[in-house]
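See below for the structure under consideration.
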There are 2 protein chains.
Amino acid sequence: MAQYTFTVEMACSGCSNAVKRALTKLEGVDNIDIDLEKQTVVVDTNLPRESVLETIKKTGKTVKE
Amino acid sequence: MAQYTFTVEMACSGCSNAVKRALTKLEGVDNIDIDLEKQTVVVDTNLPRESVLETIKKTGKTVKE
(Lines give C-alpha, C1' and ligand atoms only; values in the text may rest on other atoms or scores of the structure.)
Protein backbone atom coordinates (compact mmCIF):
# COMPACT_ATOMS: atom_id res chain seq x y z
CA MET A 1 0.00 0.00 0.00
CA ALA A 2 1.30 3.43 -0.92
CA GLN A 3 0.12 6.92 -0.03
CA TYR A 4 0.23 9.64 -2.68
CA THR A 5 -0.47 13.32 -2.19
CA PHE A 6 -1.68 15.54 -5.03
CA THR A 7 -2.25 19.28 -5.02
CA VAL A 8 -5.51 19.94 -6.85
CA GLU A 9 -7.29 23.23 -7.52
CA MET A 10 -10.68 22.91 -5.80
CA ALA A 11 -12.85 25.96 -5.24
CA CYS A 12 -15.83 24.62 -3.28
CA SER A 13 -17.16 21.49 -1.63
CA GLY A 14 -18.82 20.60 -4.94
CA CYS A 15 -15.35 20.48 -6.46
CA SER A 16 -13.83 18.36 -3.70
CA ASN A 17 -16.83 16.02 -3.61
CA ALA A 18 -16.49 15.47 -7.35
CA VAL A 19 -12.83 14.48 -6.97
CA LYS A 20 -13.74 12.18 -4.09
CA ARG A 21 -16.54 10.56 -6.10
CA ALA A 22 -14.30 10.00 -9.13
CA LEU A 23 -11.63 8.35 -6.97
CA THR A 24 -14.15 6.23 -5.07
CA LYS A 25 -15.17 4.63 -8.38
CA LEU A 26 -11.55 3.67 -9.06
CA GLU A 27 -10.95 0.05 -8.07
CA GLY A 28 -7.91 -0.42 -5.85
CA VAL A 29 -8.27 2.80 -3.88
CA ASP A 30 -8.37 2.15 -0.15
CA ASN A 31 -8.76 5.62 1.33
CA ILE A 32 -9.20 9.18 0.11
CA ASP A 33 -8.59 12.20 2.27
CA ILE A 34 -9.34 15.59 0.76
CA ASP A 35 -8.51 18.93 2.36
CA LEU A 36 -10.26 21.73 0.50
CA GLU A 37 -8.39 24.48 2.34
CA LYS A 38 -4.96 22.97 1.72
CA GLN A 39 -5.99 21.89 -1.82
CA THR A 40 -4.67 18.40 -1.14
CA VAL A 41 -5.90 14.97 -2.17
CA VAL A 42 -4.27 12.11 -0.24
CA VAL A 43 -4.85 8.62 -1.60
CA ASP A 44 -4.00 5.25 -0.04
CA THR A 45 -3.83 2.64 -2.79
CA ASN A 46 -2.16 -0.34 -4.37
CA LEU A 47 -2.34 1.34 -7.76
CA PRO A 48 0.58 3.13 -9.38
CA ARG A 49 0.67 6.90 -8.82
CA GLU A 50 0.11 7.51 -12.55
CA SER A 51 -3.27 5.70 -12.54
CA VAL A 52 -4.52 7.81 -9.68
CA LEU A 53 -3.22 10.97 -11.35
CA GLU A 54 -5.02 10.09 -14.60
CA THR A 55 -8.31 9.65 -12.75
CA ILE A 56 -7.93 13.00 -11.01
CA LYS A 57 -7.13 14.67 -14.34
CA LYS A 58 -10.32 13.23 -15.83
CA THR A 59 -12.32 15.27 -13.34
CA GLY A 60 -11.14 18.32 -15.30
CA LYS A 61 -9.50 19.77 -12.20
CA THR A 62 -6.04 21.28 -12.48
CA VAL A 63 -3.39 19.21 -10.75
CA LYS A 64 -0.35 21.21 -9.66
CA GLU A 65 2.63 18.94 -9.94
CA MET B 1 -23.58 16.52 -35.83
CA ALA B 2 -25.89 16.14 -32.85
CA GLN B 3 -26.60 18.33 -29.86
CA TYR B 4 -27.09 16.73 -26.45
CA THR B 5 -28.19 18.45 -23.26
CA PHE B 6 -27.27 17.10 -19.84
CA THR B 7 -28.36 18.38 -16.44
CA VAL B 8 -25.31 18.34 -14.18
CA GLU B 9 -24.97 19.41 -10.54
CA MET B 10 -22.43 22.22 -10.55
CA ALA B 11 -22.00 24.45 -7.51
CA CYS B 12 -19.44 27.05 -8.62
CA SER B 13 -17.46 28.20 -11.64
CA GLY B 14 -14.69 25.81 -10.55
CA CYS B 15 -17.19 22.99 -11.03
CA SER B 16 -18.39 24.15 -14.45
CA ASN B 17 -14.86 24.87 -15.65
CA ALA B 18 -13.83 21.35 -14.68
CA VAL B 19 -16.67 19.85 -16.74
CA LYS B 20 -15.75 22.11 -19.66
CA ARG B 21 -12.08 21.12 -19.44
CA ALA B 22 -12.90 17.40 -19.31
CA LEU B 23 -15.11 17.68 -22.40
CA THR B 24 -12.60 19.82 -24.30
CA LYS B 25 -10.11 16.97 -24.01
CA LEU B 26 -12.60 14.58 -25.62
CA GLU B 27 -11.88 14.21 -29.31
CA GLY B 28 -14.94 14.72 -31.51
CA VAL B 29 -16.54 17.45 -29.43
CA ASP B 30 -17.26 20.53 -31.49
CA ASN B 31 -18.80 22.92 -28.99
CA ILE B 32 -19.60 23.00 -25.28
CA ASP B 33 -22.02 25.44 -23.74
CA ILE B 34 -22.38 25.37 -19.96
CA ASP B 35 -24.95 27.30 -17.96
CA LEU B 36 -24.10 27.19 -14.27
CA GLU B 37 -27.39 28.73 -13.19
CA LYS B 38 -29.52 26.33 -15.24
CA GLN B 39 -27.16 23.42 -14.42
CA THR B 40 -27.02 22.49 -18.09
CA VAL B 41 -24.23 21.21 -20.29
CA VAL B 42 -24.96 21.41 -24.02
CA VAL B 43 -22.59 19.53 -26.31
CA ASP B 44 -22.34 19.60 -30.11
CA THR B 45 -20.60 16.47 -31.29
CA ASN B 46 -20.34 13.59 -33.72
CA LEU B 47 -19.91 11.18 -30.81
CA PRO B 48 -22.71 9.02 -29.43
CA ARG B 49 -24.53 10.50 -26.43
CA GLU B 50 -23.24 7.68 -24.20
CA SER B 51 -19.58 8.63 -24.80
CA VAL B 52 -20.22 12.21 -23.79
CA LEU B 53 -22.19 11.07 -20.74
CA GLU B 54 -19.34 8.77 -19.65
CA THR B 55 -16.86 11.64 -19.85
CA ILE B 56 -19.10 13.88 -17.77
CA LYS B 57 -19.53 11.13 -15.19
CA LYS B 58 -15.75 10.79 -14.90
CA THR B 59 -15.61 14.34 -13.59
CA GLY B 60 -17.33 12.98 -10.48
CA LYS B 61 -20.26 15.36 -10.97
CA THR B 62 -23.78 14.06 -10.55
CA VAL B 63 -25.70 13.88 -13.82
CA LYS B 64 -29.46 14.07 -13.42
CA GLU B 65 -30.98 11.96 -16.15
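Note that the structure is predicted; figures quoted are calculated from it, not measured.
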Kindly compute the distance separating OG1 (B:T62) from CZ (A:R21), expressed to the nearest 0.5 Å.
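The CZ atom of A:R21 is 3.5 Å from OG1 of B:T62, to the nearest 0.5 Å.
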So, taking the atom named CD in B:E9 and the one named CG in A:N17, what distance separates them when rounded to the nearest 0.5 Å?
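Nearest 0.5 Å value for the CD-CG distance: 10.0 Å.
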Atom of [X], atom of [Y] and distance for their closest heavy-atom approach:
{"X": "A:G14", "Y": "B:A11", "answer": "CA-CB, 4.4 Å"}
{"X": "A:K57", "Y": "B:K25", "answer": "O-NZ, 3.2 Å"}
{"X": "A:C15", "Y": "B:C12", "answer": "SG-SG, 3.7 Å"}

Please tell me whether A:I32 and A:V63 are part of a single hydrophobic cluster in this structure, the criterion being side-chain heavy atoms less than 4.5 Å apart.
yes
